[in-house]
S.K.: 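A single structure is presented below for examination.
Worth saying up front: this structure is predicted, and the values here are computed from it rather than measured. Letters A, B, ... are given to chains in the order of the sequence lines, protein chains preceding strands, and every chain is numbered from 1.
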Amino acid sequence: MQREMLRYSVKQALPVMAGYFLVSIAFGLVALDQGVNLFVAQLMNLTIYSGTLEFIGLDVLNTPVSYLSVFMVALFVNVRHLFYGLAFVDKYKPFRKMRWFAIFALTDETFSLLSTITIPKQFDENTVVNLISALNLLSWVAGTFIGVILGYILPFETTGVSFAMIALFVVLTIDQVKKNTRYIHIVGSALIAVICAFSIPKDYYLLVSLLLVSVFLIAGRRWIEGENR
Amino acid sequence: MTVQQFIIIAIMAGVTIVLRFIPFVVIGAKKTPALIQYLGRVLPSAIVVVLVVYVMLDIRQNWVSGLISISVCALIYLKRNSSMQALAGSTLLYMLLIRILKI
């Protein structure tokens, strides 16, 4: 059973592991470039564990910047994690094994992956969630190692590697669309997302669009849920 | 690592961890309100959509290369059902396109 759960977790987590591995290699390379040593880079991986914020961190570590700005940037960039927790409160509530780890490791991609897959009933969901979360984290850590090593060996130019994140989300979206029987809330959210993309400055995009989407979902509850009865 | 660097990392980690834990701590062992349960059903797919658009904001400069690579990614994934092939193939293509086409 243990081995089956592990095999299942690896199979499901593979897309995220691949994406994380590629992008964290870039993270390692940029860290080396910025004079951030491997220890500090891995410290960031194991405490912050948030791609966007970590890349920003690499920029900021060598710049004289106020702690208040760091706080504000961290808050705005990562406020979306509040919504992930909101969506997973019930899912994680019965967990008794290292629940804190599952919550800590809830990144964008881990969240997207976990909301797409349907864990077979015979598996212990707690264990599978922890395994998948751990596998993703491991890939991120491993890629950083490789990136730093590669940076020492090769003169490597990695512009464009972060596209892997976009590719990952395309794959996850296709999976989500395949899984869903109701579309009205996806279409509505997509509309909001695109309108915001053209009107809201990037720094506030996530916060504003997630708030608007939440308002839309709550206000339109009768229509959205009604569609599926 | 300097003291300042340590503090910066600590702030980033602290904020992220608090944000991740708040919903779970606030609701705790109590019964989850029906509204939150409903959000749990519909938020995930809605958030994924928002995230897709968000990451695409990054490549506005090279949107043509981006569009081509995203299409290729979707095609590979739909045809071969392998996320690794879709990811690796489209990323390599994107890196090539932005160097060759510069668009």
S.K.: Under the side-chain contact (heavy atoms from CB on, under 4.5 Å) rule, what do A/F83 and B/L39 come out as? Steps first, then yes or no, please.
M.R.: CA-CA 9 Å; A/F83 291 87; B/L39 286 178; over 6 Å; no
S.K.: Would you call B/L51 and A/R80 a side-chain contact if the rule is heavy atoms closer than 4.5 Å?
M.R.: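 A side-chain contact exists here, since the closest heavy-atom pair is under 4.5 Å.
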S.K.: Checking A/D90 against B/I36 for the side-chain contact (heavy atoms from CB on, under 4.5 Å) test, could you report, in this order, the C-alpha distance in whole Å, the side-chain angles of both residues, the deciding distance, and whether it holds?
M.R.: CA-CA 9 Å; A/D90 266 354; B/I36 311 270; over 6 Å; no
S.K.: Any non-hydrogen side-chain atom of B/V53 less than 4.5 Å from a side-chain atom of A/Y205?
M.R.: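 Yes, at least one pair of side-chain atoms sits under 4.5 Å.
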S.K.: Taking all non-hydrogen atoms of both residues into account, name the closest pair between A/N62 and B/Q5 and its distance.
M.R.: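 Shortest heavy-atom separation between A/N62 and B/Q5 comes out as OD1-NE2, 3.3 Å.
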S.K.: Using every non-hydrogen atom in the two residues, find where B/A46 and A/S189 come nearest and quote the distance to one decimal.
M.R.: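 Heavy-atom minimum between the residues: CB-OG, 3.2 Å.
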S.K.: What part of B/Y94 is in contact with chain A, defined as an atom under 4.5 angstrom from a non-hydrogen atom: side chain, backbone, both or neither?
M.R.: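 Only the side chain of B/Y94 comes within 4.5 Å of chain A.
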S.K.: Quick one: which of B/L78, B/T16, B/V26 has the most heavy-atom pairs under 4.5 Å with chain A, could you say?
M.R.: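 Ranked by contacts with chain A, first place is B/T16.
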S.K.: Nearest 0.5 Å, please: how far is NE2 in A/H185 from CZ in B/R41?
M.R.: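 So the gap between those two atoms works out to 10.5 Å.
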S.K.: For chain B, which candidate among A/A197, A/G85, A/A193 shows the most heavy-atom pairs at distances under 4.5 Å?
M.R.: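 Counting heavy-atom pairs under 4.5 Å, the top option is A/G85.
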S.K.: Determine the minimum heavy-atom distance between A/G57 and B/M12, stating which atoms define it.
M.R.: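 Residues A/G57 and B/M12, closest heavy atoms: CA-CE, 3.7 Å.
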S.K.: Quick one: what part of B/Y38 sits under 4.5 Å from any heavy atom of chain A, side chain, backbone, both or neither?
M.R.: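 B/Y38 touches chain A through side-chain heavy atoms alone.
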S.K.: Should B/M1 and A/F39 be marked as a side-chain contact (heavy atoms from CB on, under 4.5 Å) after you check the CA-CA gap, both sets of side-chain angles, and the distance that decides it?
M.R.: CA-CA 9 Å; B/M1 177 173 45; A/F39 170 75; 4.1 Å; yes
S.K.: Need one label for A/I174: side chain, backbone, both or neither, based on atoms under 4.5 Å from any heavy atom in chain B.
M.R.: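 The side chain, not the backbone.
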S.K.: Drop me the distance from A/K93's NZ to B/K31's NZ, to the nearest 0.5 angstrom.
M.R.: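 Between atom NZ of A/K93 and atom NZ of B/K31 there are 8.0 Å.
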S.K.: How close do B/I11 and A/Y67 get, heavy atom to heavy atom, and via which atoms?
M.R.: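 Residues B/I11 and A/Y67, closest heavy atoms: CD1-CB, 3.7 Å.
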S.K.: Do A/R99's NZ or CZ and the ring of B/F24 fall within the cation-pi criteria of under 6.0 Å and 45°?
M.R.: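 No - A/R99 does not lie over the ring of B/F24 by the 6.0 Å and 45° rule.
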S.K.: Is A/S69 close to chain B through its backbone or its side chain, or both, or neither, when contacts mean heavy atoms under 4.5 Å?
M.R.: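 Answer is neither: A/S69 stays 4.5 Å or more from chain B.
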S.K.: Which residue out of B/V49, B/V52, B/V50 racks up the most heavy-atom pairs below 4.5 Å with chain A?
M.R.: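 When all of B/V49, B/V52, B/V50 are compared, B/V50 has the most.
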S.K.: Does A/K178, at its NZ atom, have more than 12 non-hydrogen atoms belonging to other residues, nucleotides or ligands within less than 6.0 Å?
M.R.: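 Count over threshold, so yes.
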S.K.: Could you give the distance from CG (A/L46) to CD1 (B/I9), rounded to the nearest 0.5 Å?
M.R.: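 Rounded to the nearest 0.5 Å, the CG-CD1 separation comes out at 11.0 Å.
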S.K.: If you count heavy-atom pairs within less than 4.5 Å of chain B, which of A/L86, A/V16, A/V40 leads?
M.R.: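 Option with the top pair count is A/L86.
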S.K.: Return the CZ to SG distance between A/F163 and B/C73, rounded to the nearest 0.5 Å.
M.R.: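 Result: 6.0 Å between the selected atoms.
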S.K.: Measure B/V15 against the heavy atoms of chain A and call it side chain, backbone, both or neither at under 4.5 Å.
M.R.: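 Contact with chain A is through the side chain of B/V15 alone.
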S.K.: Can you list everything that forms a ring pair (Phe, Tyr, Trp, His ring centres under 6.0 Å) with A/Y84? Sequence neighbours excluded, please.
M.R.: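 A/Y84: ring pair (Phe, Tyr, Trp, His ring centres under 6.0 Å) contacts with A/H81, A/F111.
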S.K.: For the atom pair CG (B/L35) and CD1 (A/I218), what is the distance rounded to the nearest 0.5 Å?
M.R.: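 So the gap between those two atoms works out to 4.5 Å.
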S.K.: Can you tell which of B/L57, B/V42, B/I70 has the highest number of heavy-atom pairs within less than 4.5 Å of chain A?
M.R.: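 So the answer, after comparing B/L57, B/V42, B/I70, is B/V42.
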S.K.: How close do A/V171 and B/S83 get, heavy atom to heavy atom, and via which atoms?
M.R.: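 That closest heavy-atom pairing would be CG1-CB, 4.0 Å.
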S.K.: Which one, B/V72, B/L43, B/L96, B/L92, leads in non-hydrogen pairs under 4.5 Å with chain A?
M.R.: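 So the answer, after comparing B/V72, B/L43, B/L96, B/L92, is B/L43.
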S.K.: Side chain, backbone, both or neither: which part of B/L87 has a heavy atom under 4.5 Å from chain A?
M.R.: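 Backbone plus side chain of B/L87, per the 4.5 Å heavy-atom cut-off to chain A.
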S.K.: Closest heavy-atom contact between B/R20 and A/S50?
M.R.: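 Taking B/R20 first and A/S50 second, the nearest heavy atoms are NH2-CB, 4.0 Å.
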S.K.: What part of B/I76 is in contact with chain A, defined as an atom under 4.5 angstrom from a non-hydrogen atom: side chain, backbone, both or neither?
M.R.: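 Neither part; nothing is under 4.5 Å.
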S.K.: Quick check for you: among A/T173, A/V70, A/L217, which has the greatest number of heavy-atom pairs under 4.5 Å with chain B?
M.R.: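 Among the listed options, the one with the most contacts to chain B is A/L217.
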S.K.: Please check if the number of heavy atoms outside A/M98 that lie under 6.0 Å from its CE is greater than 12.
M.R.: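 Yes - once you tally the heavy atoms of other residues, nucleotides and ligands closer than 6.0 Å, there are more than 12.
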S.K.: State, with a plain yes or no, whether a side-chain heavy atom of A/T52 is found less than 4.5 Å away from one of B/Y54.
M.R.: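 In short, these two side chains touch, coming nearer than 4.5 Å.
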S.K.: Checking heavy atoms, do the side chain of B/S69, its backbone, both or neither come under 4.5 Å from chain A?
M.R.: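 Both backbone and side chain.
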S.K.: How long is the gap from CG on A/L168 to OH on B/Y77, to the nearest 0.5 Å?
M.R.: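 A/L168 CG to B/Y77 OH: 10.0 Å, rounded to 0.5 Å.
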S.K.: Go through A/I192, A/D175, A/L61 and name the one with the most non-hydrogen pairs under 4.5 angstrom from chain B.
M.R.: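 It is A/L61.
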S.K.: Using the rule given for side-chain contact (heavy atoms from CB on, under 4.5 Å), can you reason through B/I47 versus A/V213, listing the C-alpha separation, both sets of side-chain angles and the distance that settles it, and then say yes or no?
M.R.: CA-CA 8 Å; B/I47 291 183; A/V213 163; 6.0 Å; no
S.K.: Let me know if B/I17 has heavy atoms under 4.5 Å from chain A in its side chain, its backbone, both or neither.
M.R.: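 When you check distances to chain A, only side chain atoms of B/I17 fall under 4.5 Å.
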S.K.: The criterion is ring pair (Phe, Tyr, Trp, His ring centres under 6.0 Å); which residues satisfy it with A/F104, sequence neighbours excluded?
M.R.: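 For A/F104 there are no ring pair (Phe, Tyr, Trp, His ring centres under 6.0 Å) partners, ignoring immediate neighbours.
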